Trainee: 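Take a look at this one; I'll ask things after.
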Amino acid sequence: MAKQAKTAITPTREEDYPEWYQQVIKAADLAETSPVRGCMVIKPWGYAIWENIKDDLDRRFKATGHKNAYFPLFIPMSYLQKEAEHVDGFAKECAVVTHSRLEADADGKLQPAGKLEEPLIVRPTSETIIGELFSKWVKSYRDLPLLINQWANVVRWEMRTRLFLRTAEFLWQEGHTAHATQEEALFETRQMLDIYADFAENFMAMPVITGAKTAAERFPGADETYAIEAMMQDRKALQAGTSHFLGQNFSKSSGIKYLSAEGKEEFAWTTSWGVSTRLIGGLIMTHSDDDGLVLPPRIAPSHLVIIPFTPKEETRAEVLDYCHELKQTLEGQSYMGAPVKVELDDRDMRGGEKAWDWIKKGIPLRVEVGPRDIASDSLMVGRRDRAPKDKQSVGKDAFVSGIVDLLDNIQDGLLAKAKKFRKENTRDITTEAEFVEFFTPKNKNQPEIHGGFASMGFCCDPELEEKIAKQYKVTVRCIPNATLKEEVACVFTGKLGKRVIFAKSY
RNA sequence: CGGGGCGUGGCGCAGCCUGGCUAGCGCACCUGGUUUGGGACCAGGGGGUCGCAGGUUCGAAUCCUGUCGCCCCGACCA
């Protein structure tokens with residue numbers, strides 16, 4: 001008998017968190033690295049998660065009046081130059097297209113030819129080109145607000161990449177809006193941030209803190225950047241979505257002007273906001289355990305897998321028929337406005353092996369059906385949020401009628417667990433000594449496993465912020481909206497400042 | 001781009017220090033059989049330019065030089 005691993009994933013989170021993360025992705029068959037450096041191949045199970053993210057967010061965007069559109073992948077290099085801070089932020093990670101064809105040289109090797117008059121950059125984000133188009137579309141106050149979103153891929157030539165968390169090419173959504181007044185634009189910025197927060201918590205079961213970024217962490221060209229920040233299981237912070245108030249910076253550089261009701265020419269106020277495939281990285285690191293991926297039901301590509309147990313050849317057909325029927329019955333139930341999504345795993349494999357396969361993929365429920373269950377009109381049900389062998393026999397009818405409650409129960413449980421984890425690893429810090437103690441690694445071999453979120457007063461002096469970042473490898477993740485009005489003494493200077501969250505970040 | 005680690009069948013690794021027969025092991029895969037309510041067992045089998053290039057040598061997975069790639073840490077970032 002082969003030795004049984006205690007956990008399906010090795011190493012465990014405790015042993016080597018970054019390696020565990022990669023192994024979960026592999027075991028769940030979410031994605032893999034590609035022949036192209038820094039780019040990833042998203043496999044069907046991983047892409048299905050992205051599709052679910054996309055569908056749910058898209059509904060929310062449309063419900064708040066936004067329309068989808070598509071803008072070019074290529075941006076003339078000169079466009080990037082229009083906004084000074086924007087150039088600074090993105091120039092060093094742009095892929096540049098300089099030629100339009102290939103020609104074979106004397107040795108038969110292909111060489112770029114047809115040099116372009118003006119190089120094109122592959123969009124790292126689309127503010128500049130969308131600004132250019134907006135300037136044509138906006139003439140009058142009657143054209144505002146202009147509320148556009150695009151689902152697209154972007155490229156940022158990163159030095160170091162990690163599947164889902166940071167890849168050279170990634171999928172995302174970028175909303176771009178233009179408004180007549182500052183108030184409207186600010187409202188939009190915060191509204192979209194709230195949508196992200198609600199989505200993260202209620203769809204992904206990933207609790208987030210909403211807040212403003214300090215100047216150092218702001219989007220290049222933005223007056224104000226807001227973000228949702230989540231705590232991963234290694235207690236580091238993940239910026240999971242951003243919403244930017246761009247002021248009139250881009251409308252001035254792109255010429256987005258309109259005539260007001262009073263006949264005066266005014267610059268529009270713009271915003272932009274986005275979330276990316278990084279969310280999937282956050283999802284993995286929020287819920288998964290040492291047996292693999294754990295998916296909250298609402299985001300799961302499938303809610304449930306039926307695993308037929310057919311120990312005897314003569315009962316095989318009967319069991320499979322029963323399973324097909326059960327699948328149909330379950331699909332007749334509605335969860336979150338759509339049929340319950342059911343897999344029937346009739347692969348020619350041993351039942352136990354299949355069960356482990358689905359555990360690693362994170363499917364919320366496993367339903368095992370064998371002759372004994374059929375005889376007693378019941379099912380063996382395993383939940384992904386419980387131990388692999390913690391299974392219960394449930395009457396079939398009770399299971400079918402309770403499936404929606406059960407899925408909600410799992411969803412709620414995962415959110416509660418993540419919130420509890422965050423609470424346990426968030427500390428109010430009032431002195432510098434406490435701060436130092438909190439962020440000093442307990443284990444030298446795993447310095448990445450550190451304190452957590454430090455909630456504390458900070459004067460927000462940029463120089464001090466930089467010094468702290470260098471010294472302790474932690475940064476201000478955000479100035480939480482929830483405590484924005486609080487005035488707290490800075491832990492370092494004693495000056496009156498804001499309550500902020502310090503943490504190590506991804 | 002700096003520091004560290006690693007490249008050996010699909011995956012995970014041993015072998016390298018101290019060069020020497022046909023390069024091993026576990027998992028996976030294929031065939032046959034026995035099995036079957038939680039990661040099966042027995043027997044047989046297929047599959048590897050030892051990342052790549054050059055060098056040293058009678059002989060290189062092993063030593064030397066270069067190079068490419070991956071992972072971790074740092075700088076940068078969603």
Side-chain angles (χ1 to χ4, degrees), chain A residues 1-8 10-11 16-19 21-23 26-27 32-38 88-93 124-125 154-174 196 213 216-220 225 227-230 237-244 272-282 291 307-313 315-316 319 348-360 366 368-374 379-380 382 387-391 393 441 445-448 466 469-470 473 475 504-506:
Chain A
M1 187 146 130
K3 75 164 184 224
Q4 289 201 348
K6 256 166 65 192
T7 58
T10 45
D16 186 346
Y17 194 85
E19 182 61 21
Y21 173 77
Q22 297 190 114
Q23 292 305 325
K26 194 187 279 186
E32 58 191 56
T33 54
S34 77
V36 183
R37 181 198 168 91
D88 273 1
F90 287 110
K92 54 188 175 299
E93 51 188 38
T125 178
V154 286
V155 169
R156 295 181 188 175
W157 214 262
E158 300 287 350
M159 290 170 189
R160 209 178 116 208
T161 59
R162 288 185 85 184
L163 289 178
F164 292 116
L165 296 175
R166 177 168 301 105
T167 46
E169 179 192 12
F170 56 94
L171 305 182
W172 80 345
Q173 144 288 305
E174 49 180 322
Y196 288 153
K213 288 292 185 182
E217 300 271 330
R218 222 169 263 157
F219 176 77
T225 287
I228 53 171
E229 295 281 335
L238 182 78
Q239 179 174 311
T242 48
S243 185
H244 313 292
S272 69
W273 28 275
V275 296
S276 71
T277 35
R278 175 178 247 203
L279 283 174
I280 298 175
D291 287 322
I307 303 173
F309 274 74
T310 55
K312 295 196 177 65
E313 191 57 43
T315 56
R316 195 178 152 77
V319 172
D348 184 19
M349 280 165 63
R350 308 176 70 79
E353 209 174 333
K354 284 186 205 176
W356 279 104
D357 233 44
W358 289 103
I359 288 170
K360 286 185 278 191
R366 304 183 306 284
E368 299 172 7
V369 178
R372 293 212 295 266
D373 304 303
I374 297 174
L379 310 162
M380 267 311 221
K389 291 188 180 165
D390 178 2
K391 293 182 301 181
S393 185
N445 295 323
Q446 292 175 305
E448 69 277 9
E466 200 187 329
K470 283 231 162 71
K473 317 292 178 206
T475 47
K504 198 165 178 185
S505 75
Y506 271 96

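Here is the naming used below: chain letters follow the sequence lines, and residue numbers restart at 1 for every chain. Quantities reported herein were computed from a predicted structural model and do not represent experimental measurements.
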Trainee: Any sub-3.5 Å donor-acceptor pair from A:Q173's side-chain atoms to A:W273's backbone N or O?
Mentor: yes

Trainee: Under 4.0 Å between a side-chain N or O of A:K473 and OP1 or OP2 of B:C76?
Mentor: no

Trainee: Between B:C27 atom P and A:K26 atom NZ, what is the distance in whole Å?
Mentor: 18 Å

Trainee: Could you give the distance separating B:C13 and B:U31 at their P atoms, to the nearest angstrom?
Mentor: 29 Å

Trainee: What nucleotide, of B:C72, B:G39, B:G74, holds the atom closest to the side chain of A:K504?
Mentor: B:G74

Trainee: Can you find a pair of side-chain heavy atoms, one from A:D291 and one from A:W356, that are under 4.5 Å apart?
Mentor: yes

Trainee: Rounded to whole angstrom units, what separation is found between the NZ atom of A:K213 and the P atom of B:C76?
Mentor: 14 Å

Trainee: How close or far is atom P of B:U36 from atom CZ of A:R372, stated in whole angstroms?
Mentor: 12 Å

Trainee: Roughly how many Å is it from CD in A:Q23 to C1' in B:C72, rounded to a whole number?
Mentor: 14 Å

Trainee: The side chain of A:E93 is closest to which nucleotide in this list: B:G39, B:C71, B:C76?
Mentor: B:C76

Trainee: When you compare B:U57 with B:G7, how far apart are their C1' atoms, in angstrom units rounded to a whole number?
Mentor: 25 Å

Trainee: Of the candidate nucleotides B:C76, B:C73, B:G39, which contains the atom at the shortest distance from the side chain of A:E158?
Mentor: B:C76

Trainee: Taking the side chain as every heavy atom from C-beta outward, state whether A:K360 and A:Q23 have any pair of such atoms under 4.5 Å apart.
Mentor: no

Trainee: Does the side chain of A:S505 reach to within under 4.5 Å of the side chain of A:E229, using non-hydrogen atoms?
Mentor: no

Trainee: Just checking A:K470: base, sugar-phosphate only, or nothing, at a heavy-atom cut-off of under 4.0 Å?
Mentor: nothing

Trainee: May I ask you to say what A:K354 touches in the nucleic acid, namely base, sugar-phosphate or nothing, with a heavy-atom cut-off under 4.0 Å?
Mentor: nothing

Trainee: For RNA chain B, which ranges pair as stems of 3 or more consecutive Watson-Crick or G-U pairs, with both donor-acceptor distances under 3.5 Å?
Mentor: B:1-7 with B:68-74, B:10-13 with B:24-27, B:29-34 with B:40-45, B:51-55 with B:63-67

Trainee: In whole angstroms, how far is the P atom of B:C76 from the CD atom of A:Q239?
Mentor: 14 Å

Trainee: Using atom OH of A:Y506 as one end and atom C1' of B:C72 as the other, report the distance to the nearest whole Å.
Mentor: 12 Å

Trainee: A:L171 near the nucleic acid: base, sugar-phosphate alone, or nothing, with a heavy-atom cut-off under 4.0 Å?
Mentor: nothing

Trainee: Just by distance, do the side chain of A:T225 and the backbone of A:K213 share a donor-acceptor pair under 3.5 Å?
Mentor: no

Trainee: Provide, to the nearest angstrom, the distance between the CD atom belonging to A:E217 and the C1' atom belonging to B:C76.
Mentor: 11 Å

Trainee: Residues in ring-ring contact (aromatic ring centres under 6.0 Å, His included) with A:Y506, at least two apart?
Mentor: none

Trainee: More 5' along RNA chain B: A:M380 or A:A216, using each one's nearest nucleotide?
Mentor: A:M380

Trainee: Where the side chain of A:Y196 meets the backbone of A:A227, is there a donor-acceptor pair that is under 3.5 Å apart?
Mentor: no

Trainee: So A:R366, base contact, sugar-phosphate only, or nothing? Heavy-atom distance under 4.0 Å.
Mentor: base

Trainee: To the nearest angstrom, how far is A:D291 atom CG from B:G39 atom P?
Mentor: 14 Å

Trainee: Report yes if a donor N or O on one partner sits less than 3.5 Å from an acceptor N or O on the other, where the partners are the side chain of A:D373 and the base of B:G37; otherwise report no.
Mentor: yes

Trainee: Answer whether the closest heavy-atom distance between the side chains of A:P220 and A:D88 falls below 4.5 Å.
Mentor: no

Trainee: Does a side-chain N or O from A:R162 land closer than 4.0 Å to OP1 or OP2 of B:C72, or not?
Mentor: yes

Trainee: Taking C-beta and beyond as the side chain, do A:Y21 and A:L165 meet within less than 4.5 Å on heavy atoms?
Mentor: yes

Trainee: By the 4.0 Å heavy-atom rule, please label A:L279 as base, sugar-phosphate, or nothing.
Mentor: nothing

Trainee: Checking contacts here: which listed nucleotide (B:C73, B:C76, B:A40) is nearest the side-chain heavy atoms of A:R350?
Mentor: B:A40

Trainee: Side chain of A:E368 only, heavy atoms from C-beta on: which candidate in B:C72, B:C76, B:G37 is closest?
Mentor: B:G37

Trainee: For A:G351, which contact category applies under a 4.0 Å heavy-atom criterion: base, sugar-phosphate, or nothing?
Mentor: nothing

Trainee: Regarding A:T167, tell me which of base, sugar-phosphate or nothing describes its non-hydrogen contacts under 4.0 Å with the strands shown.
Mentor: base

Trainee: Do the side-chain N or O atoms of A:K92 get closer than 4.0 angstrom to the phosphate oxygens (OP1, OP2) of B:C1?
Mentor: no

